[in-house]
Amino acid sequence: MSVTALNIITNTGIIDYLTSIRGYVVLTSHLLYLLEGALLTLKITALSVFFGMILGLIFGLFKLSGSRILRFIAAIYIDFFRGTPLFVQILLMYFGVLPLIMDKPSPFEAAVITCSINSGAYIAEIVRAGIQAVDKGQMEAARSLGMNYPQAMWMVILPQAYKIVIPPLINEFIMLLKDTSLVSAIAAEELTQRGRLVYSTYYEAVWVWGGVAMIYLVMTKVLSILGEYTERRLATE
Amino acid sequence: MIEVKDLHKSFGQLKVLKGINCRIAPREVVCVIGPSGSGKSTFLRCINQLEEIDSGQIFIDGQELTNPKTDINLIRQQVGMVFQLFNLFPHKTTLQNITLAPTRIKGINKKAANDMAYELLRKVGLVDKANVYPAQLSGGQKQRVAIARALAMQPKAMLFDEPTSSLDPEMVGEVLAVMKDLALEGMTMVVVTHEMGFAREVGDRVMFMDEGLIIEEGLPDKIFDNPQNPRTKSFLSKVL
């Protein structure tokens, strides 16, 4: 190419133009790849929320139990997982604890296990507060009819506590969804990890990380709208 | 029917019951009166072990409640309780409030339980409210449902913990009427109350409690017209 031809190209700004849309092209051409990552994010969140709720219910009830041992176990569990960073917990689980008890844990398994246990600790406190918010007379009325403690809990207290618990629970889901980005540290290919892979190939920080942020925002927004909807429905019930 | 021997109970440092002794015969209606803080409600709540007692013995129908081997849940099924604040289950309809314990605890089938519930609702005059939630009931209606709920377990005795104290004055009568019917049918009843008229008319015996003890007891007419103890006199002169 002659010097004149090169001049024409640069002077008409074609290169400037191509440079300016590079980030856009990188993002759109990798959008599907990122969305697949978002799907994994959702999967980790959903599974962790599910197991977290089971753990939270169990340890929330432990916290209220008459047995000092059960209360102590619950206190230790909640203290540890709320009192240490999730990031450290993920590293500890994946590289330290899980290899001792299972054969080659995958990053996905480690992510779900750690996030479940972590959210379980927060949900336990939500469950405890929810149960305590139910009027004390309800337990007394149930017991006075001859129900034992588990029957009264299951038939009378929990059906009332769940309404109280839903708003903070939705909040916890949203926090957890964002926190799953930390599992990119163990190379689970969720949204943040995929964002990092795309970014480190093209170095289009604004477009790639901006796109990743937007995808998170859409997911959390959907969750919070869902939360508001259930809250409104429960309020009118 | 109910026998209490040397019952003691304290909350922390505060001694609430300081040695209660009493026997309540089958079909007897006992009204417990006394100033607030005298331990009336605590005494009642000890009878079905909603409060853990410190010492003493309680027998219901010959079974010792205070024996750790006794299944307290079985005893509670035989002793109904009605609370000052109703404590209906807000997430259940009137009908479900009444049938919940019979179906789920006693294993009575749903149809039989519903029939019985309607029977009880007829008795308390609330058949038309069967499918309504407690939030839509007035205080007096709530308390009548609460009585029906307790009766659904077919108890041998009923405990009433100030059943009309949180009601608007115009609703007191309807609840007392239901209780009076119950007494006439021969239910054994222990009623903690401030309704002196009810105690006098329906009660077989009146107990006056003060500072954790039964100070005086006897026939209603005797207690109200001719109290012996100065504390009884002073209390009655304030409330009558």
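Just so we're on the same page: letters track the sequence lines, and every chain starts at 1. The figures here come from the full heavy-atom set of this structure, side chains too, leaving out hydrogens, waters and symmetry mates.
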Discussion item. Are more than 12 heavy atoms, taken from residues, nucleotides or ligands other than A/F95, located less than 6.0 Å from that residue's CZ atom?
Written reply: yes
Practice prompt. Let me know if B/I75 has heavy atoms under 4.5 Å from chain A in its side chain, its backbone, both or neither.
Written response: neither
Worksheet item: Does CD1 belonging to A/I69 count more than 12 external heavy atoms closer than 6.0 Å?
Response: no
Worksheet entry | Largest heavy-atom contact set with chain A, pairs under 4.5 Å, which of B/I105, B/L88, B/V82 | B/I105
Worksheet entry | Side chain / backbone / both / neither for B/V79 at chain A, heavy atoms under 4.5 Å | backbone
Item to complete: Name the region of B/F89, side chain, backbone, both or neither, that has any atom closer than 4.5 Å to a heavy atom of chain A.
Response: both
Worksheet item: Can you list every salt bridge (charged side-chain N to carboxylate O under 4.0 Å, His left out) pair that touches residues 178-193 of chain B, not counting sequence neighbours?
Response: B/K123-B/E185, B/K180-B/E201
Would you enumerate the inter-chain donor-acceptor pairs between chain B and chain A whose distance is below 3.5 Å?
{"from": "B/R45", "atom 1": "NH1", "to": "A/E140", "atom 2": "OE1", "distance (Å)": "2.9"}
{"from": "B/R45", "atom 1": "NH1", "to": "A/E140", "atom 2": "OE2", "distance (Å)": "3.3"}
{"from": "B/R45", "atom 1": "NH2", "to": "A/E140", "atom 2": "OE2", "distance (Å)": "2.6"}
{"from": "B/N73", "atom 1": "OD1", "to": "A/R143", "atom 2": "NH2", "distance (Å)": "3.4"}
{"from": "B/N87", "atom 1": "ND2", "to": "A/G137", "atom 2": "O", "distance (Å)": "3.1"}
{"from": "B/L88", "atom 1": "O", "to": "A/Q138", "atom 2": "NE2", "distance (Å)": "2.8"}
{"from": "B/H91", "atom 1": "NE2", "to": "A/M155", "atom 2": "O", "distance (Å)": "3.1"}

Worksheet entry | Within-4.5 Å side-chain heavy-atom neighbours: A/L145 and B/L100 | no
Item to complete: Please flag which part of B/L85 lies under 4.5 Å from any non-hydrogen atom of chain A: side chain, backbone, both or neither.
Response: neither
Discussion item. Tell me whether B/R122 at atom CZ has more than 12 heavy atoms from other residues, nucleotides or ligands lying less than 6.0 Å away.
Written reply: yes
Discussion item. A quick test of your reading: do over 12 heavy atoms of other residues, nucleotides or ligands sit less than 6.0 Å from CE of A/M175?
Written reply: no
